[in-house]
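So the structure is just underneath, and the comments pick up after that.
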Amino acid sequence: MEKIREARFFLQQMGIYEKALDTEKLFYCLSAFLSAFRTITFRLYGVTEHKHGKEKAQLLLSQLKSHPDIAFLMTRRDVEVHADGALVFERFTVHAADPVPQFVDKYADRFASRFGPRYYPQAGVVIRPAGGWQFGGNPKNLIELGRNALSAIEEFIRQLA
């Protein structure tokens with residue numbers, strides 16, 4: 001449970017640095033969170049094996065790996081620890097720009113559509129920041145993803161007790 005508290009602490013710090021737009025400290029805390037998360041899963045497996053046996057520990061490991069948020073963070077932590085680091089980027093949304101309506105004089109050309117063309121060449125795309133950061137390959141906010149995974153791990157712990 002101490003490592004879960006530690007991971008929650010780093011998630012809280014990530015939220016503070018995200019709001020303060022301090023990406024350097026945000027990424028430091030992300031790395032620390034992933035390290036704590038790694039320890040949580042390894043300790044949970046070890047304690048389960050010690051208290052309940054290898055079969056129960058193997059079942060727990062398969063449950064952890066089948067949970068979408070936990071499994072995703074397990075792979076990201078391995079990339080963070082053993083490779084070039086987890087890929088993260090700012091979240092954004094993409095919207096079609098509102099087209100500028102073209103007025104069509106229905107009396108000028110009897111074959112012209114009264115409703116205008118379906119395709120507006122001047123229509124474009126608008127990209128807006130959505131707030132927060134996300135891992136490459138997962139649309140959830142980093143902090144939301146971490147909270148969901150920790151809550152799921154706590155549920156597994158309650159089931160084991």
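- Here L73 contributes atom CG and R38 contributes atom CZ; the two are 14.0 Å apart, rounded to the nearest 0.5 Å.
- For A36, the side chain to side chain contact (heavy atoms under 4.5 Å, CB included) partners are E6, A7, not counting sequence neighbours.
- Sorted by first and then second residue, the pairs that involve residues 60-70 and meet side-chain hydrogen bond (donor to acceptor under 3.5 Å, both in side chains), not counting sequence neighbours, are D69-K140.
- Rounding to the nearest 0.5 Å gives a distance of 5.5 Å between CG of L142 and CG of L30.
- Here the CG-CD1 distance, from L64 to I40, works out to 10.5 Å after rounding to the nearest 0.5 Å.
- Under the side chain to side chain contact (heavy atoms under 4.5 Å, CB included) criterion, Y45 pairs with E49, K54, A57, Q58, L61, sequence neighbours left out.
- Contacts of T41 classified as side chain to side chain donor-acceptor pair (under 3.5 Å), with partners at least two apart in sequence or in another chain: R77.
- Note on residues 134-161: pairs passing ring pair (Phe, Tyr, Trp, His ring centres under 6.0 Å), not counting sequence neighbours, are F72-F135.
- Applying the side-chain hydrogen bond (donor to acceptor under 3.5 Å, both in side chains) rule to pairs touching residues 148-159 yields R8-E154, E155-R158, sequence neighbours excluded.
- Distance check: W133 CH2 to L145 CG gives 16.0 Å after rounding to the nearest 0.5 Å.
- Cluster annotation: M1 is connected to F37 through the hydrophobic network of ILVMFWY side chains, with a link wherever side-chain heavy atoms come within less than 4.5 Å.
- Listed by first then second residue, pairs satisfying salt bridge (charged side-chain N to carboxylate O under 4.0 Å, His left out) with a partner in residues 142-151 number zero, not counting sequence neighbours.
- Placement of L160 and I70 within a single hydrophobic cluster is found when ILVMFWY residues are connected by side-chain heavy-atom separations under 4.5 Å, directly or transitively.
- Here OG1 of T39 is found 9.5 Å from CD of E2. Values are rounded to the nearest 0.5 Å.
- Shown here are the side chain to side chain donor-acceptor pair (under 3.5 Å) partners of E18, two or more places apart in sequence or in another chain: there are none.
- You'll find the side chain of I157 reaches within 4.5 Å of the side chain of I4, heavy atoms only.
- The list of side-chain hydrogen bond (donor to acceptor under 3.5 Å, both in side chains) pairs with a residue in residues 19-32, not counting sequence neighbours, reads E24-Y28, S31-E80.
- Taking F10 as the reference, nothing meets the ring-ring contact (aromatic ring centres under 6.0 Å, His included) condition, with sequence neighbours excluded.
- Applying the side chain to side chain contact (heavy atoms under 4.5 Å, CB included) test to E55 and every residue at least two apart in sequence or in another chain returns nothing.
- Shown here are the side chain to side chain contact (heavy atoms under 4.5 Å, CB included) partners of Q13, two or more places apart in sequence or in another chain: F9, I16, Y17, C29.
- Side-chain contact between L150 and L11 is present, with heavy atoms from C-beta onward closer than 4.5 Å.
- A pairwise comparison of heavy atoms in R76 and L34 identifies O-CD1, 4.2 Å as the closest pair.
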